[in-house]
Amino acid sequence: MTAETASTPAAVPRIDFLGLEISDLDCDPAAAVIAARDPAAGFAYVVTPNAQHMVRLARGAPAFQHAYEGAWLVLSDGNVVRRFSRLVLGQALPHASGADVTSRLFHHHVRPDDAIMVVGGDDRLMTALRSQFGLTNLHQHVPPMGFIRDPAAVEAAVTAVRSRPARYVFIAVGSPQSELLARQIADAGGATGTGLCIGSSLLFVTGLVRRAPAIVRKLGLEGGWRLMLSPVGHFRRVFHESLPILGIIIRARFGGRGILQRPS
């Protein structure tokens, strides 16, 4: 079941990956489809599942699953999952990471006068976006830390998005907060544009944070790169929250449970 919008977004074919329905779009087509939406259309949102997201879904997180069920696009993020899927399951997956799609949007589709709302970030990010891309209709809402557990703070974020009609709503408050907020905005109604749950992608596109070199990303070692740069901050994310996807894929190959169990 998808979230209702004032103008139903165009349907995009999906492929089943262990119970998770992934939009059959690579990076450039995904950016083009997003940019082609009517800016006045009702709010619809995009999620970009990586290994961490898939493990969270597989472990059972009802609110997170609910958020995924409401997404317009579910874009495959993560070379490790792609490579392991092909190796173990013989299944090819598209690749459209949040960082790459965000980069394509800003460099090829976003116009200076497009209405843009950023949920999260700081003044430095907003200054960089304005100076690098000439944005003239850029707005921001910064929720407090841990806001998703505070109904009043969630409502304030929903109201901020609704009151500033935007073509693009970049939700940069980390996962799972971004996805949960996107679903809340969609369910509340009254907002417009396309929401993108894109993690740190705005920091990458502005150069405020250095992304892993292209060869590292191509080899699927971006998680290892981040671990090397910040071992304490990324140890749990890599080994506890992301790496278990490999076991999930292997077990599924031999008839075990996938990421999501669909009713038969």
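Residue numbers run from 1 in the order of the sequence given.
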Indicate every side-chain donor-acceptor pair of residues 84-95 with a distance under 3.5 Å to a residue at least two apart or in another chain.
residue, atom, partner, partner atom, Å
S85, OG, Q91, O, 2.8
Q91, NE2, D16, O, 2.8

Would you say [X]'s side chain and [Y]'s backbone share a donor-acceptor pair under 3.5 angstrom?
| X | Y | result |
| --- | --- | --- |
| Y45 | A67 | yes |
| R257 | A58 | yes |
| S23 | L73 | no |
| D24 | P13 | no |
| Q140 | V119 | no |
| T136 | P112 | yes |
| R183 | H66 | yes |

Nearest atoms (heavy-atom pairs only) where [X] meets [Y]:
| X | Y | answer |
| --- | --- | --- |
| M117 | A160 | CE-O, 3.4 Å |
| L202 | V118 | CD1-CG1, 3.9 Å |
| V142 | G120 | CG2-O, 4.0 Å |
| Q132 | T206 | NE2-O, 2.8 Å |
| L57 | Q65 | O-NE2, 3.1 Å |
| V47 | C197 | CG1-SG, 4.3 Å |

Query - Residue pair I34, W72: steps toward the side chain to side chain contact (heavy atoms under 4.5 Å, CB included) verdict - result: CA-CA 10 Å; I34 292 166; W72 166 45; 4.2 Å; yes
Query raised in the report: Shared ILVMFWY cluster between I249 and F254, side chains joined below 4.5 angstrom?
Result: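 Both belong to a single hydrophobic cluster.
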Side chains of [X] and [Y], heavy atoms from C-beta outward: is any pair under 4.5 Å?
| X | Y | result |
| --- | --- | --- |
| M54 | V81 | yes |
| Q177 | P143 | no |
| P49 | L20 | yes |
| V74 | R14 | yes |
| L135 | I116 | yes |
| L105 | L196 | yes |

Query raised in the report: What residues, two or more places apart in sequence or in another chain, satisfy side chain to side chain donor-acceptor pair (under 3.5 Å) together with T194?
Result: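 Here the qualifying residues are R37.
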Report task. Name all residues meeting the side chain to side chain donor-acceptor pair (under 3.5 Å) criterion together with E155; count only those two or more places apart in sequence or in a different chain, and write none if there are none. Result ->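 Partners of E155 by the side chain to side chain donor-acceptor pair (under 3.5 Å) criterion, ordered by chain and then number, come out as T159.
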From [X] atom [atom1] to [Y] atom [atom2], the distance as rounded to the nearest 0.5 Å:
| X | Y | atom1 | atom2 | value |
| --- | --- | --- | --- | --- |
| L18 | L260 | CG | CG | 9.5 Å |
| R82 | S97 | CZ | OG | 9.5 Å |
| D77 | D100 | CG | CG | 8.0 Å |
| I259 | F17 | CD1 | CZ | 4.5 Å |
| L75 | D26 | CG | CG | 10.0 Å |
| S175 | Q52 | OG | CD | 6.0 Å |

Of all residues at least two apart in sequence or in a different chain, which pass the side-chain contact (heavy atoms from CB on, under 4.5 Å) check with [X]?
| X | result |
| --- | --- |
| A61 | R56, F64 |
| S201 | A99, T102, I198 |
| A188 | V158, R162 |

Query raised in the report: Can you list the residues that meet the salt bridge (charged side-chain N to carboxylate O under 4.0 Å, His left out) rule with R164, with sequence neighbours excluded?
Result: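 In terms of salt bridge (charged side-chain N to carboxylate O under 4.0 Å, His left out), with neighbours along the sequence ignored, R164 is linked to no residue.
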**Report entry** Partners meeting salt bridge (charged side-chain N to carboxylate O under 4.0 Å, His left out) with R111 (sequence neighbours left out)
**Finding:**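 Per chain and number, R111 pairs via salt bridge (charged side-chain N to carboxylate O under 4.0 Å, His left out) with D113, D114.
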Requested in this report: Using the ring pair (Phe, Tyr, Trp, His ring centres under 6.0 Å) rule, collect all pairs that involve residues 122-148, keeping only residues at least two apart or in two chains.
Outcome: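 Applying ring pair (Phe, Tyr, Trp, His ring centres under 6.0 Å) to every pair that reaches into residues 122-148, excluding sequence neighbours, yields F106-F133, H107-F133.
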**Report entry** Pairs satisfying salt bridge (charged side-chain N to carboxylate O under 4.0 Å, His left out), at least one member in residues 122-151, at least two apart
**Finding:**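 Listed once each, the pairs would be none.
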Query - Full working for side chain to side chain contact (heavy atoms under 4.5 Å, CB included) between V80 and L246 - result: CA-CA 9 Å; V80 170; L246 304 185; 3.9 Å; yes
